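Comments concern the structure below.
Sequence lines set the chain letters: A, B, ... in the order given, protein chains first and strands last, and positions in each chain run from 1. It should be emphasised that the depicted structure is a prediction, and the values quoted were computed from it without experimental measurement.
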2 protein chains.
Amino acid sequence: MKYHHHMAERFDTALDRMLEVVVLFDHDMRSTLAARGLSTSRAHLLWEIHRHGPLSQRELAQALQVTPRNITGLVDGMAADGFVLRGPDPADRRISRVSLTPRGVSTAEEMRAEQQELGRTLFGTMPADTLDGLVRGLDQVLATLRPLIDRSN
Amino acid sequence: MKYHHHMAERFDTALDRMLEVVVLFDHDMRSTLAARGLSTSRAHLLWEIHRHGPLSQRELAQALQVTPRNITGLVDGMAADGFVLRGPDPADRRISRVSLTPRGVSTAEEMRAEQQELGRTLFGTMPADTLDGLVRGLDQVLATLRPLIDRSN
DNA sequence: TATTGTTATACTCTATAACTATA
DNA sequence: TATAGTTATAGAGTATAACAATA
């Protein structure tokens with residue numbers, strides 16, 4: 001009984017740390033993106049195209065786990081702001097292929113560079129064994145969490 | 001040069017794990033809350049009152065880092081759904097004190113129980129030294145991240 | 001018939017500004 | 001005058017449903 005109580009406190013501590021990390025990361029990401037005129041959704045869309053090349057709006061809807069209607073709105077706004085461009089599909093005239101403008105590409109690359117910079121800030125002064133322990137712990141958390149989330153989809 | 005490149009990969013790996021944890025936690029929290037008829041904002045409001053007792057809408061606006069106008073809307077909706085209740089302030093008739101209904105209290109307690117359950121799920125099978133390493137790593141990340149966020153506010 | 005994307009409509013969270021009632 | 005909360009209005013992200021163009 002005493003043992004269980006003791007463990008419960010350790011779990012709570014660990015979970016508190018995880019939750020605070022989630023909140024602070026979310027906050028940091030939002031302000032970084034906002035400085036570039038991007039919301040979380042817009043950044044996600046930009047990133048998917050940067051990784052996979054020009055995508056149809058249907059494909060974007062699946063990648064962002066959102067209805068096709070929302071992609072229309074996101075692409076409208078991002079096209080107006082010069083991040084993306086609608087183009088025809090060579091084989092299917094129903095499809096609108098969304099690609100990045102030069103500005104979209106450079107924004108994606110800057111986001112990537114800032115992410116690496118954050119990595120250096122967070123881990124650059126961390127002892128190697130602490131970093132190893134962190135990654136090992138996170139990997140185990142992810143191994144438990146991933147199937148939990150998959151099941152709920 | 002080779003050393004730096006090596007470290008950069010280690011940082012990227014660690015950051016990737018952190019970001020995936022953030023995304024999955026966020027997803028898990030949202031679906032857990034949605035099952036109870038709560039959004040993230042509503043849950044935050046509920047939690048603040050549960051921790052601190054009845055609060056004025058001004059205090060809630062500060063706690064949620066949101067304009068007072070939004071509290072009006074959140075409280076309207078949550079009162080309609082039976083989670084909270086507006087009451088008078090004994091000393092100042094301008095103030096609307098928001099407190100939890102019995103349903104609000106039990107919802108907050110259920111959320112807390114589910115959080116502990118998640119802690120058991122994630123950490124219950126984790127070796128003690130791995131858990132220690134995880135917490136140590138997260139603490140160092142938070143020590144770097146907290147001042148970064150504070151500065152941006 | 002089925003698929004792609006759009007128009008029409010509505011809900012939640014967010015913000016600013018003007019206003020009411022208290023202090 | 002200053003504060004607490006509301007009404008009025010607007011914008012972003014989300015959802016469903018009906019529809020046009022294309023397959």
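Residues of residues 62-91 of chain A having a heavy atom closer than 4.0 Å to DNA chain D, listed by number: A/V66, A/T67, A/R69, A/N70, A/L74.
A salt bridge links B/D12 with A/R112; the closest basic N to acidic carboxylate O contact falls under 4.0 Å.
D/dT3 atom C1' lies 13 Å from atom CD of B/Q57, rounded to whole Å. One can place NE2 of A/H44 at 10 Å from P of D/dT14, the figure rounded to the nearest angstrom. For A/I95 and C/dT3, the CD1 to P distance is 12 Å, given to the nearest whole Å. Here the C1' atom of nucleotide C/dT14 and the CG atom of A/D26 are 15 Å apart, to the nearest Å. The separation between B/L55 atom CG and D/dG5 atom C1' is 15 Å, rounded to whole Å. Between the P atom of C/dT12 and the CG atom of B/L38 lies a distance of 13 Å, rounded to the nearest Å. Atom pair B/E59:CD and D/dT3:P shows a separation of 15 Å (rounding to whole Å applied). One atom, CZ of B/R93, and another, C1' of D/dT3, lie 15 Å apart when rounded to the nearest Å.
Looking at the side chain of B/R94, the nearest of the listed nucleotides C/dC13, D/dA23, D/dA4 is D/dA4. Closest contact between the side chain of A/R58 and the listed nucleotides C/dT14, C/dG5, C/dA23 involves C/dG5.
Of all heavy-atom pairs between A/L24 and B/I149, the closest is O-CD1, 3.6 Å. The two atoms that bring B/G82 and B/R103 nearest to each other are O-CB, 3.6 Å, heavy atoms only.
Atom OG1 of B/T13 is separated from atom CG of A/L138 by 11.5 Å, given to the nearest 0.5 angstrom.
For the pair A/R42 and A/F83, the cation-pi criterion (under 6.0 Å, within 45° of the ring axis) is not fulfilled.
Here B/W47 and B/H50 bring their ring centres to under 6.0 angstrom of each other.
For the pair B/S41 and C/dT12, the criterion of a side-chain N or O lying under 4.0 Å from OP1 or OP2 is not met. Dashed line: the shortest gap from a side-chain N or O of B/S39 to OP1 or OP2 of C/dC13 is under 4.0 Å.
Judged by distance alone, the side chain of B/T144 and the main-chain N or O of B/Q140 form a donor-acceptor pair under 3.5 Å.
Within 4.0 Å (heavy atoms only), A/T40 reaches no atom of the nucleic acid at all.
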